[in-house]
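The structure appears right after this line, and notes come after that.
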Amino acid sequence: MNPIILGIESSCDDTSAAIIKGDIILSNVVAGQKVHEEYGGVVPELASRAHQQNIIPVVHKAMKDAGVKSGDVSAVAFTRGPGLMGSLLVGTSFAKGFALALDIPLIEVNHLQAHVLAHFIQEPDQKHEVPEFPFLCLLVSGGNSQIVLVHDFLHMEIIGQTIDDAAGEAFDKCAKVIGLPYPGGPLIDKLAQEGDPEAFEFSKPRIANFDYSFSGLKTSFLYFLRDNVKKDPDFIERHKNDLCASLQKTIVDILMDKLIAAAKKTGIKEIALAGGVSANSGLRQAFMEGEEKYGWNIYIPKFGYTTDNAAMIAITGLFKYQKKEFVGQEVAPFARMAL
Amino acid sequence: MEHSFIIHSEKDVERVASEAVPFLKEHKVVAFYGDMGVGKTTFIKGVCKVLGVEDPVTSPSFAIVNEYEGNDNQVIFHFDFYRLKDVSEVFDMGYEDYFFSDHICLIEWPEKIASVLPDDRLDAYLSENEDGSRNLKIKSAV
């Protein structure tokens with residue numbers, strides 16, 4: 001019989017719970033925190049407080065939506081890290097209590113690994129194609145930009161990563177500079193549709209191997225604006241769409257150049273995208289072009305499984321359940337956790 | 001105590017960092033002031049390199065705090081309070097556990113939490129010169 005896994009995610013700003021039966025998703029509930037928008041970012045104190053308020057209602061709703069009672073649950077999987085310590089503690093403590101009360105196995109999950117394994121979540125009504133091992137996964141989010149070589153469900157290695165800022169951070173910080181509200185990434189994407197991606201040229205980093213750097217782009221974007229605003233105080237307002245389009249193209253080019261190089265070097269043609277920035281239309285388009293240009297088989301998960309969510313925690317929990325990789329009650333969250 | 005350094009280029013960061021590290025070690029908590037893009041994270045990367053950190057030193061804007069390990073298992077905390085709006089928001093993350101841990105704390109955007117910064121800290125000011133080089137001024141807060 002297929003195990004039923006409860007997944008819990010609370011690493012950053014969203015509290016989420018999900019139920020899967022085998023690899024079939026039965027429910028995935030995310031309680032976002034509207035509070036952080038007015039603060040221009042994720043706020044640690046507010047985040048952990050909201051998690052405390054959200055965790056029980058979210059789990060309750062996930063079980064109800066799935067038609068599952070607590071006695072049916074085979075194991076509970078939770079995000080152990082990386083993330084904000086205060087936020088991780090809420091999910092970890094809940095999961096430990098739940099496992100102890102029901103005397104079921106407890107499974108720790110690495111949030112980054114879960115982002116990659118989100119590709120294996122199946123819907124009840126139709127099966128979709130999943131990547132074959134080994135595959136490459138470009139993981140891009142607010143806090144991550146990395147290329148992961150995935151050997152197996154639980155065996156993966158980072159072959160390239162940012163040496164300073166994440167791609168999502170570059171989007172959000174540059175958005176703030178041109179006066180867009182948080183989160184700036186989606187807004188840049190929207191305005192970019194109306195702009196000319198070739199209007200301005202921003203320098204690209206020269207970094208060895210498959211690593212990324214976005215700090216220099218942020219600085220050059222900032223200085224470019226500063227110089228032009230000196231000459232024309234309305235420069236940003238008058239060129240907003242072109243600025244967004246050019247910035248987006250630069251970020252996407254940087255991301256794709258390294259992915260293409262990694263695919264060539266490894267000879268792998270199974271290529272996957274993961275993380276919240278995969279919603280960016282410019283990146284999606286460039287990624288999909290790889291199918292024709294380089295003969296890739298490409299995989300992009302449903303949007304709901306790319307941002308922080310518990311469905312990906314639950315599916316990772318399933319693979320660990322099958323290997324009996326359980327942890328005891330002494331487990332503690334870990335803010336900085338490598339793959 | 002007050003010292004000034006000129007950082008001529010990005011390649012020069014490590015040289016200046018190695019000169020500044022003895023002062024940083026003396027104070028443990030170091031607040032880095034300077035505009036966005038002036039090179040706070042870049043300078044901190046240099047400091048961490050001098051301290052023997054081998055892990056990637058990346059911007060903690062998203063995570064708020066990164067933890068590294070340097071030579072002799074010394075722990076280094078790297079903060080970025082850019083996103084905070086109000087000082088009350090650091091109370092729940094247990095900032096005392098970090099600042100009074102006796103480990104080195106390197107802080108970006110300390111302005112956001114000015115009232116809880118320890119008095120015995122070192123203040124470091126980064127600014128851009130006309131020719132694009134950077135000026136680093138360090139001085140004891142009190």
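Values in this document were obtained by computation on a predicted structure and should not be read as measured data. Throughout, a chain's letter reflects where its sequence line sits, starting with A, and its residues are numbered from 1.
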Within the 3.5 Å criterion, strictly below it, is a donor on His51(A) or Asp14(A) matched to an acceptor on the partner's side chain?
no
Contact listing (chain A partner; residues 43-55 of chain B; heavy atom under 4.5 Å)
Lys45(B)
Of all the residues in residues 115-142 of chain B, which have a heavy atom that comes within less than 4.5 Å of a heavy atom in chain A?
Glu128(B), Arg134(B)
Kindly check if the number of other-residue, nucleotide or ligand heavy atoms within 6.0 Å of CD (Glu19(B)) is above 12?
yes
Interface moiety of Asp80(B) toward chain A, non-hydrogen atoms closer than 4.5 Å
side chain
Proximity breakdown for Phe214(A) and chain B, heavy-atom pairs closer than 4.5 Å:
neither
Tyr68(B) and His78(B) side chains, donor-acceptor separation under 3.5 Å
yes
Rounded to the nearest 0.5 angstrom, the SG-CD distance for Cys174(A) and Glu169(A) is 10.0 Å
Over 60° means perpendicular and under 30° means parallel, so classify the ring planes of Phe99(B) and Phe81(B), tilted if in between.
perpendicular
Does Lys112(B) qualify as a cation-pi partner of Phe79(B), given the criterion of NZ or CZ under 6.0 Å from the six-membered ring centre and within 45 degrees of its axis?
no
Scan side-chain atoms only and decide if Asn144(A) and Ser141(A) contain a donor-acceptor pair under the 3.5 Å cut-off.
yes
CD1/Ile6(B): more than 12 non-hydrogen atoms of other groups inside 6.0 Å:
yes
Validation row, ring centre Phe235(A) to ring centre His239(A) under 6.0 Å
yes
Side chains of Gln248(A) and Asp189(A), donor plus acceptor under 3.5 Å
yes
Below 4.5 Å from any heavy atom of chain B, which atoms of Ile163(A) appear? Answer side chain, backbone, both or neither.
both
Answer yes when Asp165(A) and Lys173(A) have at least one side-chain N-carboxylate O distance shorter than 4.0 Å, and no when they do not.
no
